[in-house]
Amino acid sequence: MEQLFDLSLLNSTVRMVTPILLAALGGSLCARVGIFNVALEGLVLVGAFGAILGNALTGNLFLAVLIAIGSVLLFSLLFAYITIHLRANEIVAGVALNFLAAGLTTFLLRTIFSVKGAYYDNEMHGLPAWDLPFLQQIPVLEQLFSGHTPLVWLAYLFVIGLHLFYFKSVAGSRLLAVGENPVAAQSIGLKVRKIQYAAILGCGLFCGLAGAQLSLGQVTMFSEGMTAGRGYIALVAMMLGQSNPVGMLASSLLFGFMDALSIRLQGLSIPTHFTLMLPYVMTVIAMFFFRDKSYLKNTGANSSAR
Amino acid sequence: MKQWKQTLSSLIHPLIALLIGFLAGAIAISVTGTPILQAYQEMWTGAFGNLYFLTSTLARSTPIILLGLGISLAFRSGYFNLGAEGQMVLGAVAAALTALYMPGSGIVKLLAAMAAGMIAGGLWSLLAAWMDAKFKVNLLISTLLLNYIASLFAGYLVTEPFKDTTGSAALAQSRMIEQGAWLPKLFAGMSLHAGFVLAVVIAILLTLLLRYTVFGYELKITGQNPLFAAYGGVNRTRVMILCMLTSGALAGLAGTVEVLGSQYRYIDGSLTAPGYAWTGLMATLLANSNPLGTTIAAVFLAALQTGAMGLERNTNVPLEISSVIQAALILFISARFTYSFLKRRKEEKNNGATV
Amino acid sequence: METILEMERITKKYGQFTANQEISFALREGEIHAIVGENGAGKTTLMRILYGMEQPTSGTIRIHGAEKRFANPAEAIDSGIGMVHQHFMLFPSRTIAENIVIGNEPRKSIWFDRKQAIAQVGALAERFRLPIAPGQKVGDCPLGTQQRVEILKVLYNGAKIIILDEPTAVLTPLEVKELLITLRGLAEQGKSIILITHKLHEVMEVADRITVLRNGRVTGQLEASQTTVEEVSRLMVGRELDGIRRETQQAGQPLLQVNRLFIRGKKGKPLLDHVSFHVRSGEIVGIAGISGNGQSELVQALTGLLPVDEGTVLLQGKEITNRSVKQIREAGLAHIPEDRYLWGTAKEASVKDNAIMGHHRLKEFQRGGILRQRKLDQLVTGWINSFAIKTSSLANKAQNLSGGNLQKVIVAREIGHATPFLLACEPTRGVDIGAMEFIHQQLMDKRNRGEAVLLVSSELSEIMTLSDRILVMFEGKVVGELNAETATEEQISLLMAGGKQP
């Protein structure tokens with residue numbers, strides 16, 4: 001057991017949680033304006049591909065991350081246009097977008113890189129690991145927080161930033177107002193659509209970073225469908241955390257831990273299939289503790305009480 | 001006359017989406033440098049060019065039709081069953097194992113395997129329905145996550161306890177089913193099997209169910225307004241359980257006919273890699289959950305895929321071109337909800353209801 | 001007095017339908033101007049145009065003589081127009097102060113200065129003598145207070161012209177009195193007020209001038225001091241109303257018996273607090289009350305949609321407490337629901353599918369689970385003729401029907417069940433006068449046939465016209481029972497507000 005649970009497991013938890021956390025934070029922006037964004041999975045996938053593409057094209061990591069963000073923003077814009085302007089059912093549009101992301105990345109993988117399944121290049125560099133000097137002085141934290149990419153640090157900073165934004169800033173207060181009662185928000189002259197667009201694009205930014213961390217931080221490669229349901233797990237993390245940044249950090253840590261644990265368990269004699277199942281099983285179990293269905297108000301009973 | 005006009009106008013939107021889909025495809029094709037017209041011609045030939053290609057297309061459409069029908073049934077009753085993939089995989093592996101280990105003659109094995117496949121898929125779907133009804137676990141997300149669990153579990157079965165150790169050891173697959181338990185082929189030497197007939201029959205049965213039965217009526221109303229259904233005395237839990245059970249069973253059947261009709265064993269990943277379940281979902285969306293429409297849409301999407309395979313054989317356009325066309329298509333189909341929404345608002349005003 | 005606002009020859013068309021036809025009116029500074037009319041007369045459309053929520057097909061708006069066009073509410077707000085909506089536009093999870101300042105928040109750089117907001121709102125409330133506690137959550141406030149918040153919000157944004165859309169619909173009589181005093185006070189401080197309503201007594205009490213609309217046209221513009229309720233009413237309706245044919249008859253045996261029904265609430269206060277009453281055959285019993293005082297819960301409990309914690313319900317002597325909706329309906333209950341879009345119909349389903357609900361289970365209309373479509377068609381076609389329902393076909397979607405026609409479908413369906421007992425909730429909410437008269441007559445006919453009706457309505461006039469006996473609900477309790485012939489509006493109003501039975 002000692003080999004199973006140690007500080008390096010927690011260290012990899014801190015790392016593994018990052019894409020989930022970033023995507024969950026992004027999803028919360030949408031949820032907070034009343035849009036249930038099922039497309040997180042596809043957005044992160046596009047981000048992961050964009051990062052690798054950017055890296056291959058420019059060889060510059062900073063530009064690679066920017067390209068990842070840019071391509072996800074384009075995708076988000078499409079989602080925003082279809083759900084807000086064309087008023088498509090957001091779940092159908094989200095599912096469609098996930099499909100488009102999977103199809104397009106596979107297609108481009110073949111046309112641009114001429115490979116099937118996965119692309120990697122030994123010459124390619126991933127995101128660098130940063131150590132924060134003041135943390136290196138403290139024994140336990142040093143092991144927990146050493147060797148993480150800048151995006152990992154950024155993700156944790158975003159938790160604080162988003163908390164301040166939601167609950168302390170004027171813009172955040174208005175954003176929450178749009179989600180709580182869009183009709184009322186409209187009546188006092190708030191630009192509901194603009195705010196919704198901004199929220200979806202903000203979500204795209206977060207998902208782009210999540211994708212970059214996935215393909216350039218965790219590993220340095222892109223493989224078809226490499227998100228493997230992390231977008232959906234992020235969605236559950238968002239629901240469990242009630243779209244509250246600190247709450248989402250807590251729930252994401254739980255899933256990140258499961259992710260890390262499932263990799264760790266592969267070293268033992270448990271069949272890989274079961275260890276791989278762990279994050280999904282835990283996510284399903286976690287949903288038993290989340291009962292509020294209000295976020296689905298647009299999908300099921302569409303009441304038109306005027 | 002009026003009805004005829006209505007049917008026509010309901011077709012306009014899918015046609016526009018179709019056009020956009022092919023337009024997106026054209027752009028993608030032009031990136032690869034192949035002439036667009038030639039590419040689409042190749043696709044047509046690959047899908048319908050001769051009896052062999054035609055039957056291949058129909059064979060490919062078979063699981064897609066069944067999956068699409070299952071999903072459309074759930075949609076009609078107002079439930080987002082996105083777990084068809086897992087339900088199909090469990091159905092397939094259950095069918096394969098039953099056909100292998102069930103004692104008796106070929107036909108007994110065949111029938112038992114079909115029953116097992118449907119039961120496995122149905123129960124897996126029911127699990128999600130039960131979690132939703134009893135514990136309010138969000139069906140949309142739970143069915144999605146259960147897909148991963150089901151695929152991994154089925155993968156485990158054929159890599160560990162039931163692995164085929166006779167042939168090449170590298171493949172995760174079950175042993176081959178004996179020939180007596182196979183679904184018969186419809187044409188000698190072609191891949192089309194009896195599963196296709198079964199799928200079409202089920203589509204017709206579902207149409208009749210929705211249109212002419214008490215249960216079909218209650219199902220539709222539950223999907224359109226669950227509160228109205230409850231008010232009218234419809235037992236919503238019963239409707240949900242039955243619909244999700246049937247929906248899962250149809251997905252399980254899709255996996256079953258693939259195993260019994262074309263692969264004759266369960267091969268890990270052979271059902272998930274072609275994205276059958278997602279294509280089935282798209283067929284449903286394309287046809288607005290109408291069973292016969294779903295069938296036609298499924299054949300169309302299958303043709304797109306077999307056509308793309310032909311395209312890849314003869315040009316340098318990768319077969320994923322079909323994913324691009326499908327995805328663009330579906331994205332704009334999702335905007336249909338819009339179109340009807342705008343219309344609705346206008347009509348409300350026409351009647352002065354909001355004055 | 002100076003004219004502050006002119007609307008001139010405003011026309012608004014939605015396709016074939018004309019909601020406003022060349023409406024002109026002028027608002028003077030410091031006056032209260034009432035715009036009255038029935039449902040569908042075009043009041044709300046006119047105000048939506050003024051507030052920038054709709055664009056007129058033709059016509060002009062002038063403020064202080066300058067022509068204006070409002071593309072959205074924000075532009076109207078900038079021109080000093082404020083609107084208090086019928087359905088409050090509030091954020092229940094936020095404090096009163098946050099609700100008032102939103103859109104115009106006091107800030108320190110990018111941060112929301114909540115302390116400053118509370119101070120500003122407190123000062124504003126003091127100035128206009130509208131007592132509120134700025135730090136309180138809006139969701140915890142009674143409706144009267146929420147309305148004050150709405151008015152303060154409008155004042156905070158600097159409105160000179162205040163539109164109030166049916167402001168008294170949700171208020172208790174006492175709150176109505178306070179509101180009218182507030183409005184007078186605001187007018188005296190120089191605000192110009194447009195009051196949209198169909199309650200004429202309130203209009204006569206508070207308004208300076210009255211504009212009457214009917215079918216999208218102006219039918220009269222009057223000085224309040226020189227007219228009567230009767231005159232305005234005639235201009236509003238355009239004809240004398242037929243009376244309801246009521247036959248005097250002796251009520252029979254108790255058909256529905258409700259004994260000490262109790263439903264626990266979430267916040268300690270019970271939703272239903274030991275409610276007991278009975279309805280006899282051959283009578284209409286009305287339940288009056290401000291909405292939200294347990295009527296909805298009572299109805300849902302009686303029909304099997306909400307489980308009860310204690311107490312019993314007997315229908316024709318048979319216990320139906322906590323039975324399923326289907327069992328209760330089979331025991332002899334039909335139900336016109338309070339919200340036809342939420343509970344009463346599926347808007348995307350056809351008129352036929354909406355009309356056959358419940359009937360589809362009967363032996364007459366199905367054989368072994370197969371629907372007998374032809375017989376169902378005959379049934380629904382019969383109703384369309386006898387109830388004069390305007391629909392293009394049986395396959396027409398419910399959402400294409402007007403409110404009144406859809407309500408007729410529901411009434412036809414439920415009366416068609418021919419049950420001994422009918423529960424009718426808000427049977428005429430939001431329907432035009434013609435449909436209202438028709439539906440009232442249907443209910444009365446049912447009573448005259450010796451069947452029983454329980455009528456739940458927030459329209460006191462409806463209760464008083466139809467009922468034989470009147471029960472009043474307040475905070476989940478039945479607080480009074482009155483004989484309809486001797487009861488006065490004042491008595492009922494007092495009980496509705498929680499006063500004791502005199």
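Naming convention: chains lettered A, B, ... in sequence-line order (proteins, then strands); numbering from 1 in each chain.
- A donor-acceptor pair is defined here as one N or O able to donate and one able to accept, closer than 3.5 Å; no such pair exists between the side chain of B:E320 and the backbone of A:G103.
- Neither side chain, A:E224 nor A:T105, offers a donor N or O lying under 3.5 Å from an acceptor on the other.
- If you measure heavy-atom distances from B:T159 to chain A, the contacts under 4.5 Å come from the side chain alone.
- Centroid-to-centroid, the aromatic rings of A:F222 and A:F49 come within less than 6.0 Å.
- Of the N and O atoms on the side chains of B:D268 and B:Y156, not one donor lies less than 3.5 Å from an acceptor on the other residue.
- Proximity to chain A is absent for every atom of B:Y79, based on heavy atoms less than 4.5 angstrom apart.
- Residue contact with chain A, scored on non-hydrogen atoms closer than 4.5 Å, involves the side chain of B:L281 exclusively.
- Contacts of A:V236 with chain B are made by side-chain atoms alone, with heavy-atom separations under 4.5 Å and no backbone atom involved.
- If you measure heavy-atom distances from B:A28 to chain A, the contacts under 4.5 Å come from both the backbone and the side chain.
- The part of B:T32 that comes within reach of chain A is its side chain, from C-beta onward, which places non-hydrogen atoms under 4.5 angstrom from that chain.
- Considering all non-hydrogen atoms of both residues, B:G293 and B:A287 come closest at C-CB, 3.2 Å.
- Remark: the backbone N or O of B:G280 is paired with a side-chain donor or acceptor of B:T284 at under 3.5 angstrom.
- Between A:F113 and A:Y119, the angle of the ring planes stays under 30°, which puts this pair in the parallel group of the 30/60° scheme.
- In this structure, the side chain of A:S223 does not engage the main chain of A:A118 through any donor-acceptor pair within 3.5 Å.
- Interface remark: of the candidates A:L104, A:V38, A:L235, A:L100, A:L100 forms the most heavy-atom pairs closer than 4.5 Å to chain B.
- At a 4.5 Å heavy-atom cutoff, the contact between A:L78 and chain B is made by side-chain atoms alone.
- Interface residue A:F274: only side-chain heavy atoms are found under 4.5 Å from chain B.
- Counting heavy-atom pairs closer than 4.5 Å to chain A, the top-ranked of the candidates B:S322, B:S323, B:P318 is B:P318.
- Proximity to chain A (any heavy atom under 4.5 Å) is restricted, for B:L144, to the side chain, taken from C-beta onward.
- Note on A:A102, A:P279, A:P271, A:A228: by heavy-atom pairs under 4.5 Å with chain B, the leading option is A:A228.
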